[in-house]
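Heads up: the structure comes next, in structure tokens.
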Amino acid sequence: MRDILPPESDRWRAFVSVFAETVEAAGYGNLATPLMEDAGVFSRVGEATDIVQKEMYRFTDNGGRDVALRPEFTASICRAFVEHRPSTPWKVWTSGSNFRYERPQRGRYRQFDQVDIEVVGSDDPLVDVEVIALGWRFLERLGLRQVTLLLNSLGDTAERATYVDALRTYFEANLDALSAQSRETLARNPLRVLDSKREQDAPFTAAAPTIAEFYGADSGAHFETVRAGLDRLGIPYTIAPGLVRGLDYYVRTTFEFAGGTLDSAQNALGGGGRYDGLVEALGGPPTAAIGFALGVDRTLIACDDESVFAAPDSAVDVFVVDTTGGLEALVITEELRRAGLRADRAFDNRSMKSQMKAADRSGALYAVIIGETERDAGTATLRPLRGEGEQVVVPRAEVVATVTAATGG
Ligand code: AMP
């Protein structure tokens, strides 16, 4: 778990703002769910996943309840849907921290942030296209260019189950040649063996049966429409038959945004898919749904690698230097701030030299200086700190107007 200090924290906030602008322009409303839920919300939907089985921060609270910090958003969002029954399609976005007890490394932390959208209550394949396209356009807006969209369909629930059986039979026939980790994964979830990045497993994952052999007419047509929609929008994608994603509730469309600059074990900036059975598993009516989550931590690492989406300029407009005791600075910064300017000042009655240094460090365009002379004459000196320009002395009453004009306000 990490501290995020300014100015990096400003960048995080800007990231979420750009995401909010992107998806709110498409009709998604902001949803806030609790950081902690009844552990059953997560365990009911992810029995066979490491995220739920091994990585949850799960504990008994003072009231004896079995609770967990959320390891992801989707289950909470479905729980909220079941509880509030909003009209459908329910288009929502959310952001915030999730918790998983993983082995920390670059791009993998125990507390990490995600931005997320979900559409609950429609199985229209064009919803899949909208959701995927919003993720793609958002990454474009950040300036990222080295991103690959990986696309797959896992078929419907029955097809997926038949496929899982076929995979189990296939991998069991090759059991002795698989890595120990994959043998263990096989016992829990044969699909996840396809995710193995170990060389020893590569020949077997490459030759494994593919889900496409198991599509029925409906899921085949659904996937075709998704692809046609992405084609129409000019969004490039790579069909990835091995893309199963980490949570075992996905059916039909699954997708991932892979960052081109990251290590392959941690290269997913985000991803998602359809989870048409999840609302029902949480006690609601049969309801189709799709969404994705993007990791903020990891996507910002990709931004660093591609030198895009720098921290926004958080400098103040003006810095007030007061060597007469500090009360003048108190009043002038207040006036400047009320006029809508970003204004800072020095404290502790420092020397002129030390305050001017602080003014410089603040990134301000102008310093307003009050010394004994200015105080006695009822004036202030306005000194440009960046670029050309002469300093001027203005009547005290004109400080705000002059700074406003000078900063283009
Ligand atoms: P998931 O919820 O597992 O589908 O993950 C979606 C995205 O969240 C990933 O592609 C990562 O960007 C991010 N993510 C997941 N787990 C972590 C983690 N432990 N640390 C940092 N980012 C993570």
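These numbers come from a predicted model, not from an experiment. Read the numbers this way: they start at 1 and go in the same order the structure lists the ligands and their atoms.
Using a cut-off of 4.0 Å between Lys/Arg side-chain N and Asp/Glu carboxylate O, Asp165 and Arg168 are scored as salt-bridged. Using a 4.0 Å cut-off between charged nitrogen and carboxylate oxygen, Asp38 and Arg65 do not count as a salt-bridge pair. Using a cut-off of 4.0 Å between Lys/Arg side-chain N and Asp/Glu carboxylate O, Asp322 and Arg350 are scored as not salt-bridged. Arg338 and Glu335 are not joined by a salt bridge, as no carboxylate oxygen comes within less than 4.0 angstrom of a charged side-chain nitrogen. Comment: Arg192 does not engage Asp50 in a salt bridge, judged by the lack of any side-chain N to carboxylate O separation of less than 4.0 angstrom. Between Arg274 and Asp128 there is a salt bridge, since a side-chain N of the basic residue sits under 4.0 Å from a carboxylate O of the acidic one.
Polar contact with ligand 1: present for Leu269 (N/O pair, distance under 3.5 Å). Backbone and side-chain nitrogen or oxygen atoms of Asp297 are examined, and none is located within less than 3.5 angstrom of a nitrogen or oxygen of ligand 1. Taking distance alone, with nitrogen or oxygen atoms compared against 3.5 Å, Gly271 stays at or beyond that limit from ligand 1.
Each of the following atoms of ligand 1 lies closer than 4.0 Å to a heavy atom of Glu102: 16 (N), 17 (C), 18 (C), 19 (N). The ligand atoms of ligand 1 that sit less than 4.0 angstrom from a heavy atom of Ala293 are 6 (C). Of all atoms in ligand 1, numbered sequentially from 1 with element shown, those under 4.0 Å from a heavy atom of Arg108 are 18 (C), 19 (N), 20 (N), 21 (C). Near Ala268, with a cut-off below 4.0 Å to any heavy atom, the atoms of ligand 1 are 9 (C), 10 (O), 11 (C), 12 (O).
Contact annotation: for Glu72 versus ligand 1, there are no heavy atoms closer than 4.0 Å. Neither the backbone nor the side chain of Asn98 has any atom closer than 4.0 Å to an atom of ligand 1 (non-hydrogen atoms only). Residue-level proximity to ligand 1 for Gln114 is carried by the side chain, the only part with a heavy atom below 4.0 angstrom.
For atom 21 (C) of ligand 1, the candidate residues are Gly295, Gly107, Pro104; the nearest heavy-atom contact is made by Gly107. Ranked by closest heavy atom to atom 15 (C) of ligand 1, the top entry among Phe73, Phe99, Phe112 is Phe112.
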Original post:
Given the rule in the side chain to side chain donor-acceptor pair (under 3.5 Å) test, do Ser219 and Asp156 qualify, once you have shown the distances and angles that lead to the verdict?
Top reply: CA-CA 6 Å; Ser219 55; Asp156 68 20; 5.0 Å; no

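Not less than 6.0 angstrom separates the ring centroid of Tyr250 from the ring centroid of Phe255.
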